[in-house]
Visitor: 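Got a structure for you, written out below as structure tokens; questions coming shortly.
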Amino acid sequence: MQQKTFTERVIDIIREIPPGKVATYGGIAERAGNPRAARQVARVLHSSSRKRGLPWHRVINKQGRIALKDQGYERQKALLEAEGIYLDLKGNVDLEEYLWNPIGGLI
DNA sequence: GCCATGGCTAGTA
DNA sequence: GCCATGGCTAGTA
């Protein structure tokens with residue numbers, strides 16, 4: 001029986017983030033089994049969100065901010081707003097309101 | 001093996 | 001500083 005790799009678990013988790021909610025790099029890494037592998041989540045997003053069709057835009061940093069810059073920032077912001085997520089003037093998302101809580105959602 | 005990568009982050013000066 | 005991958009290199013058989 002083959003265990004899933006860290007990367008596979010990360011991908012599965014990202015897939016589960018529901019529309020209108022967001023998750024953080026660190027939070028995803030933690031759920032996937034390694035709280036310190038946040039950068040790994042970023043790498044996965046960068047390398048396979050296109051081919052795997054992941055909802056990459058629903059992943060932001062722990063400060064509630066979009067990590068991308070320039071065009072990437074604009075694209076992500078537009079996609080989040082299209083799902084009803086509000087970003088303030090500084091581009092901050094209120095994690096209290098929008099952070100996905102997988103516990104409640106899976107029970 | 002070694003090294004770069006990468007959309008991070010906890011914890012200092 | 002952290003760390004899971006992928007790619008590339010040296011050094012054996």
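Heavy-atom basis, side chains included; hydrogens, waters and symmetry copies ignored. In what follows, chains carry the letters A, B, and so on, assigned in the order in which the sequence lines appear, proteins first and then strands, with residues in each chain numbered from 1.
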Visitor: Which pair of heavy atoms, one from L80(A) and one from I66(A), lies closest together, and at what distance?
Guide: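 Heavy atoms only, the tightest pair is CD1-CD1, 4.2 Å.
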Visitor: Hey, could you give me the CD1/NZ distance between I11(A) and K4(A), rounded to the nearest 0.5 Å?
Guide: 9.5 Å
Visitor: Could you check which nucleotide pairs with dG11(C) in any of the strands shown, counting Watson-Crick or G-U wobble with both distances under 3.5 Å?
Guide: none
Visitor: How close or far is atom P of dG1(C) from atom CG of N34(A), stated in whole angstroms?
Guide: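 Checked: the CG to P distance equals 18 Å.
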Visitor: Can you measure E30(A) atom CD to dC2(C) atom P for me and round it to whole angstrom units?
Guide: 18 Å
Visitor: Both K62(A) and A67(A) contact DNA chain B. Taking the nearest nucleotide for each, which residue is further toward the 5' end?
Guide: A67(A)
Visitor: Kindly compute the distance separating CD1 (I13(A)) from CD (E30(A)), expressed to the nearest 0.5 Å.
Guide: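 Rounded to the nearest 0.5 Å, the CD1-CD separation comes to 10.0 Å.
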Visitor: Rounded off to whole Å, could you give me the CZ-to-C1' distance for the F6(A) and dA4(C) pair?
Guide: 7 Å
Visitor: CG of L45(A) versus P of dC8(B): gap in Å, rounded?
Guide: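 For the pair L45(A) CG and dC8(B) P, the rounded distance is 10 Å.
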Visitor: Nearest whole angstrom, please: distance from the P of dA4(C) to the NZ of K4(A).
Guide: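 Taking atom P of dA4(C) as the reference, NZ of K4(A) is at 18 Å.
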Visitor: Atom CZ of R43(A) to atom P of dG6(C): distance rounded to whole Å?
Guide: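 Those two atoms, CZ and P, are 6 Å apart.
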Visitor: Would you classify V59(A) as touching base, sugar-phosphate or nothing, given that sugar-phosphate means primed atoms plus P, OP1 and OP2, and contacts are heavy atoms under 4.0 Å?
Guide: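 Result for V59(A) = base.
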Visitor: What nucleotide among dC8(B), dG7(B), dC3(C) has an atom nearest to a side-chain atom of Q40(A)?
Guide: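 Out of dC8(B), dG7(B), dC3(C), the nucleotide with an atom closest to Q40(A)'s side chain is dC3(C).
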Visitor: CD of Q63(A) versus C1' of dA10(B): gap in Å, rounded?
Guide: 10 Å
Visitor: Would a distance-only check, ignoring hydrogens and angles, find a side-chain to backbone donor-acceptor pair under 3.5 Å from R58(A) to V22(A)?
Guide: no
Visitor: With heavy atoms under 4.0 Å as the rule, sort Y25(A) into base, sugar-phosphate or nothing.
Guide: base
Visitor: Pick the nucleotide of DNA chain C nearest each of R39(A) and T7(A); which residue has the one closer to the 5' end?
Guide: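 Residue closer to the 5' terminus by nearest nucleotide: R39(A).
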Visitor: Is there a Watson-Crick or G-U wobble partner for dG6(C) with both distances under 3.5 Å, and which nucleotide is it?
Guide: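 Its partner is dC3(B).
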Visitor: For R36(A) and dC3(C), what is the distance between atoms CZ and C1' respectively, to the nearest whole Å?
Guide: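 Rounding to the nearest Å, CZ of R36(A) and C1' of dC3(C) are 9 Å apart.
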Visitor: Take atom P in dC2(B) and the same atom in dT12(C), then report the distance between them in whole Å.
Guide: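 Between the two P atoms, the distance is 14 Å.
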Visitor: Is T5(A) near enough to dT5(C) that one of its side-chain N or O atoms lies under 4.0 angstrom from OP1 or OP2?
Guide: yes
Visitor: Start with the C-alpha distance between Y86(A) and E81(A), add both sets of side-chain angles, then the distance that settles side-chain contact (heavy atoms from CB on, under 4.5 Å), and finish with yes or no.
Guide: CA-CA 6 Å; Y86(A) 171 76; E81(A) 290 180 330; over 6 Å; no
